[in-house]
Amino acid sequence: FDDWLRPVRETEPPGMPRIRHRLRRRRCRNAAAGVLALGAVAGIVVTVQPFSAGPHVTAGPQQTPTATSTVPVTTTRPTPIRGGYQRTASYQISSPVRTLIVHAYLNNVKVTGSQRSTVSVTEQIQYSKRPPMMISNLAAGTLTLTYTCPNESLCAASYDIQVPRGITVKTTDADGQISLSSLAGPVTATADLGDITATGLTSDSADFTANNGQIDASFITAPASVRATAGLGDITIHVPGATSYHLSLQANMGTTNVT
């Protein structure tokens with residue numbers, strides 16, 4: 001029986017060659033589709049990859065959308081830092097400025113006076129993906145500098161500002177150091193978390209408030225009025241010794257020192 005059945009088992013059914021041919025063609029088409037799908041995925045990766053080098057930032061006027069928007073701004077390319085990117089923007093205000101107001105939230109503020117007639121501003125900006133909107137507004141002789149942050153884990157800006165010596169300067173900083181030097185006009189500085197340092201002042205009046213930080217101010221001419229308040233930190237005021245003064249100093253947790 002086995003000898004009789006063997007030829008039947010070994011005989012190829014009719015149409016089997018055609019079935020095998022169709023199966024081979026289907027496998028080829030599936031393989032080709034797989035290659036095309038991989039190619040499409042690779043194309044997406046190539047398209048997205050450039051953004052990993054840093055978000056695109058348009059330099060220039062969009063950083064000053066208010067009255068000073070026509071001022072040319074020199075902006076460096078973003079460079080990677082821990083947690084994000086950093087870049088610098090610089091510009092000059094040639095219109096007359098009588099008062100400078102700076103509202104900063106994270107990082108330092110430095111204001112230096114000289115015999116110059118213009119205001120020079122350098123902003124160092126740090127951000128995780130999207131940069132803060134830097135605002136520079138000049139109205140009626142008052143220049144206001146501040147910024148707004150998108151919803152980012154890193155958003156900070158520091159200011160280095162060169163001003164005419166005699167203008168009025170008002171600065172606030174939520175978390176950072178405030179440094180003032182060579183100023184002759186009235187100065188007001190408020191730091192919520194950080195120190196206030198003022199050197200080479202010839203101002204008639206000065207008002208310093210550090211909620212959590214130290215105050216160290218030095219005058220090279222006799223001021224008419226100095227007020228300094230520190231919530232947690234020491235206060236040191238240096239004034240010329242040939243004049244008598246009426247000073248208002250208050251340190252809730254710290255020492256006061258006048259030299």
Side-chain angles (χ1 to χ4, degrees), residues 93 95-105 107-121 136-146 158-259:
I93 307 296
S95 300
V97 175
R98 295 186 296 273
T99 301
L100 170 68
I101 299 175
V102 182
H103 296 299
Y105 305 102
N107 258 346
N108 303 330
V109 176
K110 180 180 179 181
V111 182
T112 304
S114 66
Q115 296 299 328
R116 63 184 302 129
S117 60
T118 61
V119 174
S120 173
V121 181
S136 173
N137 182 34
L138 178 60
T142 298
L143 175 63
T144 302
L145 305 177
T146 187
S158 63
Y159 290 96
D160 189 348
I161 309 167
Q162 309 285 327
V163 300
R165 191 187 306 275
I167 72 171
T168 299
V169 175
K170 302 177 181 180
T171 63
T172 62
D173 199 337
D175 188 352
Q177 315 292 321
I178 296 177
S179 299
L180 310 174
S181 62
S182 302
L183 297 174
V187 296
T188 303
T190 302
D192 190 34
L193 181 60
D195 298 337
I196 298 175
T197 302
T199 59
L201 298 182
T202 57
S203 305
D204 284 338
S205 64
D207 191 333
F208 307 109
T209 302
N211 293 328
N212 192 352
Q214 299 183 1
I215 298 173
D216 191 335
S218 176
F219 293 81
I220 58 177
T221 61
S225 172
V226 176
R227 180 179 178 272
T229 304
L232 180 60
D234 299 335
I235 299 175
T236 302
I237 306 295
H238 306 271
V239 291
T243 307
S244 60
Y245 299 94
H246 176 70
L247 304 176
S248 175
L249 308 178
Q250 179 181 355
N252 295 333
M253 291 188 66
T255 62
T256 61
N257 188 18
V258 178
T259 61

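Here, residue 1 is the first one in the sequence, and each next residue gets the next number.
In this structure the side chain of I161 never reaches within 4.5 angstrom of the side chain of S120, judged on heavy atoms. Proximity of V226 to F219: side-chain heavy atoms (C-beta onward) are separated by under 4.5 Å at one or more points.
Between G166 and A184, the shortest heavy-atom contact is CA-CB, 4.2 Å. Summarising the geometry of A228 relative to I235, their closest heavy-atom pair is O-CD1, 3.6 Å, with the distance given to 0.1 Å. The minimum heavy-atom distance linking A230 with G213 is given by the pair CB-O, 4.0 Å. Residues G176 and A191 share a closest heavy-atom pair of O-CB, 4.4 Å.
A search for ring-ring contact (aromatic ring centres under 6.0 Å, His included) contacts involving Y105 returns Y147, not counting sequence neighbours. In this structure T172 satisfies the side-chain hydrogen bond (donor to acceptor under 3.5 Å, both in side chains) test together with H103, sequence neighbours excluded. Partners of T118 under the side-chain contact (heavy atoms from CB on, under 4.5 Å) rule, at least two apart in sequence or in another chain, are Q92, S94, R116. Partners of A189 according to the side-chain contact (heavy atoms from CB on, under 4.5 Å) rule, which considers only residues two or more places apart in sequence or in another chain, are T171, I178, L180, I196, F208.
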Legend entry - side chain to side chain contact (heavy atoms under 4.5 Å, CB included) evaluation trace for V97 with L138: CA-CA 8 Å; V97 175; L138 178 60; 4.0 Å; yes
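Of the listed residues (V187, I167, D160, L100), just one forms a side-chain contact (heavy atoms from CB on, under 4.5 Å) with V111, and that residue is L100.
Applying the side chain to side chain donor-acceptor pair (under 3.5 Å) definition to pairs two or more places apart or across chains, those involving residues 199-210 are D207-R227. Applying the side chain to side chain donor-acceptor pair (under 3.5 Å) definition to pairs two or more places apart or across chains, those involving residues 228-240 are D216-H238, D234-T255, H238-T259. Within the structure, side chain to side chain donor-acceptor pair (under 3.5 Å) pairs that include any residue of residues 177-193 comprise T112-S181, D192-N211 (at least two apart or interchain). Within the structure, salt bridge (Lys or Arg N to Asp or Glu O under 4.0 Å) pairs that include any residue of residues 176-191 do not occur (at least two apart or interchain). Listed by first and then second residue, the salt bridge (Lys or Arg N to Asp or Glu O under 4.0 Å) pairs that reach into residues 248-259 come to none, sequence neighbours excluded.
To the nearest 0.5 Å, atom CD1 of residue I101 and atom OG1 of residue T144 are 4.5 Å apart. Rounding to the nearest 0.5 Å gives a distance of 7.5 Å between CG of L145 and CD1 of I93. Taking OG1 of T142 as the start and CZ of R98 as the end, the distance is 6.5 Å to the nearest 0.5 Å.
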